[in-house]
Protein chains: 2
Amino acid sequence: MEVSLTASRPLRRDARRNREALLAAARAAFLDGDTDAHVEDIARSAGVAVGTLYRHFETREALIEEVYRKEVDDLCAEPDHLLGQYAPAEALRRFLLLLVDHAAVGKGMSVALESIMASDSPVFDDARSRMSDALTRLLDAGVAAGTVRDDVTGPTLLRALGGICAMRVSDGWLDEARTITRLLLDGLLHR
Amino acid sequence: MEVSLTASRPLRRDARRNREALLAAARAAFLDGDTDAHVEDIARSAGVAVGTLYRHFETREALIEEVYRKEVDDLCAEPDHLLGQYAPAEALRRFLLLLVDHAAVGKGMSVALESIMASDSPVFDDARSRMSDALTRLLDAGVAAGTVRDDVTGPTLLRALGGICAMRVSDGWLDEARTITRLLLDGLLHR
DNA sequence: ACCTAAACGGAGTCGGACTCACCTTATGGA
DNA sequence: TCCATAAGGTGAGTCCGACTCCGTTTAGGT
């Protein structure tokens, strides 16, 4: 007698627990750099069998995407937060460097950004457009304040960042990424 | 009675022909965008069997790498050529845009650049360092002429470019890549 | 306590990279 | 010219990892 509309009933408790465990296990593996961890291993380390993994996620890819999407969600909240505290140009600077530092935490975030940018999988459309929107808000604020040039769009900037974050090797990584980001900012700001 | 040193004897004629055919077939497949073409198909379209493919190349990866390495070789020759004709800043500008346009020809070149940049496979060390050197020559010339800032290194710039060229999707691709490249140039040149 | 829809398990299937034992052929010396 | 032989080619078969399927187990409502 309950009107469920789209909410197709909450997961049973064990199901939710297992789903969470799988995401955590996958997150641990991917963000730790083992980008091609075997499904069998992920399932085992979550304490379930592969069948269960596939009940929750269409494919291995889908699981990965879900993990990455969560990461990105967190980041997308930042720009609004920053715009509340800083002038647009400064907010932009901070956000770009934040992304870079985030990517430095583990291979994971950079892989996430790269995937979001490089993949044409519709699964990422959503994450991509949210991130683009976040950047667009930053840029627009800067343009309105007259401190940022107006010929660069959010999607374009997203691609540039994806590129930078794709550089996830070698020791000098972080410094190089920061240098490039500053270069980009220099180009972005009005003189 | 021949002193062969390292030259382990030239390939038999049919072997050379097949090796070439395999590289051509792989090139056709990869540069055309089918980045995960099956070895079976590559072998067939080269007119040989898989066994032959594996006689010439350790793994599928090795074959891909070989294809990409050749592409990069060509590009590495450009900077010297450009420096002979243009002022350093202009040579730099042309080279960066050349890379972008090259990447636009097919997915292949961008994958090549991306792989060279992102992979830690030693197979690319050589290509990577040659490309870095090429960029360093351009930058040094610019610094000497006083038109380019001196705090950016060849390897750093290589990573930035790798990033840009990794953006190999969607329709607006080329314009976006050009925009970002100009942004980078703006940041790179002295005011 | 019982019922049933939901969730779980894990052996089995399938597809694709790679191997190996045997056959074919280029090539150089008699 | 012709043979010997090492180099090269072949493709059915192996291996391995993602994914499926159906019998078993269990949460949670009545």
Side-chain angles (χ1 to χ4, degrees), chain A residues 1-4 6-30 33-68 111 115 119 121 123, chain B residues 1-4 6-30 33-68 111 115 119 121 123:
Chain A
M1 177 70 62
E2 148 191 30
V3 181
S4 92
T6 56
S8 64
R9 181 177 311 196
L11 287 176
R12 224 167 71 178
R13 209 168 299 136
D14 56 343
R16 166 168 288 294
R17 205 179 337 107
N18 282 336
R19 188 187 163 81
E20 227 91 283
L22 282 164
L23 281 170
R27 190 189 144 89
F30 298 146
D34 186 4
T35 8
D36 36 51
H38 297 175
V39 284
E40 203 96 19
D41 296 341
I42 294 172
R44 183 167 23 261
S45 86
V48 302
V50 284
T52 304
L53 188 153
Y54 281 99
R55 168 170 300 279
H56 290 289
F57 305 96
E58 279 289 304
T59 66
R60 195 188 108 98
E61 275 295 289
L63 172 57
I64 298 177
E65 287 164 354
E66 185 67 24
V67 168
Y68 289 167
V111 173
S115 306
S119 154
S121 146
V123 183
Chain B
M1 180 63 67
E2 146 193 31
V3 182
S4 91
T6 54
S8 64
R9 183 180 307 198
L11 288 174
R12 227 166 70 175
R13 208 167 303 135
D14 55 344
R16 166 168 289 293
R17 203 178 341 106
N18 283 335
R19 187 188 164 80
E20 227 92 283
L22 282 164
L23 280 170
R27 189 190 144 89
F30 297 146
D34 186 5
T35 9
D36 38 49
H38 298 175
V39 287
E40 204 96 18
D41 295 341
I42 294 171
R44 182 167 25 263
S45 87
V48 302
V50 283
T52 305
L53 189 154
Y54 282 100
R55 171 173 298 280
H56 289 290
F57 305 96
E58 280 289 305
T59 67
R60 196 188 108 97
E61 275 294 289
L63 171 58
I64 297 177
E65 286 165 354
E66 185 68 25
V67 168
Y68 289 167
V111 175
S115 305
S119 154
S121 146
V123 183

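This one's a predicted model, so the numbers in the text were calculated from it and none came from an experiment. Each chain gets a letter, A, B and so on, in the order its sequence line appears, and its residues count up from 1.
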* Could you tell me from which nucleotide to which nucleotide of DNA chain D, 5' to 3', there is an atom under 4.0 Å from chain A heavy atoms? => D/dG17 to D/dG28
* Kindly compute the distance separating CD1 (A/Ile42) from CZ (A/Arg60), expressed to the nearest 0.5 Å. => 6.0 Å
* Looking only at heavy atoms, which two atoms of A/Arg19 and A/His56 are closest? And how far apart? -> NH1-O, 3.6 Å
* To do: Have a look at A/Val50 and say if it touches a base, only the backbone sugar-phosphate, or nothing, with a 4.0 Å heavy-atom cut-off.
  => base
* For B/Leu53 and C/dC18, give me the distance from atom CG to atom C1', rounded to whole Å. => 10 Å
* Asked: Can you tell me how far P of C/dT19 sits from CD of B/Glu40, to the nearest Å?
  -> 14 Å
* Asked: Do any side-chain nitrogens or oxygens of A/Thr52 fall under 4.0 Å of OP1 or OP2 in C/dA7?
  -> no
* Structure fact -> dist A/Phe57:CZ -> A/Ile64:CD1 (nearest 0.5 Å) comes out at 11.5 Å
* To do: For B/Val39, report the nucleic acid contact type (base, sugar-phosphate, nothing); a contact means any heavy atom under 4.0 Å.
  => sugar-phosphate
* **Separation of C/dG15 P from B/Arg60 CZ (nearest whole Å)** => 18 Å
* Pairwise 5' ranking along DNA chain D for A/Ala37 and B/Leu11, keeping only the more 5' one -> B/Leu11
* To do: Any chance you could measure B/Thr52, atom OG1, to B/Asp14, atom CG, to the nearest 0.5 Å?
  => 9.5 Å
* **Under 3.5 Å donor-acceptor pair, A/Arg12 side-chain atoms to C/dA6 base atoms** => yes
* **Value in whole Å for how far the P atom of C/dA6 lies from CZ of A/Arg55** => 10 Å
* Asked: In Å, rounded to the nearest 0.5 Å, how long is the span from NE2 of A/His38 to CZ of A/Arg44?
  -> 11.0 Å
* Can you tell me the distance, in whole Å, between the CG atom of A/Leu22 and the C1' atom of C/dC8? => 12 Å
* **Euclidean distance, atom OH of residue B/Tyr54 to atom P of C/dG16 [Å, nearest integer]** => 13 Å
* Measure the CD-CD distance between B/Glu65 and B/Glu61 for me, rounded to the nearest 0.5 Å. => 5.5 Å
* Atom pair CG (B/Leu63) and CD (B/Glu58), whose distance is rounded to the nearest 0.5 Å -> 12.0 Å
* Structure fact -> Taking for B/Arg13 and for A/Gly47 the nucleotide of DNA chain C with the nearest heavy atom, the one nearer the 5' end belongs to A/Gly47
* Asked: Hey, is the side chain of A/His56 poking within less than 4.0 Å of OP1 or OP2 on C/dA7, counting only N and O atoms?
  -> no
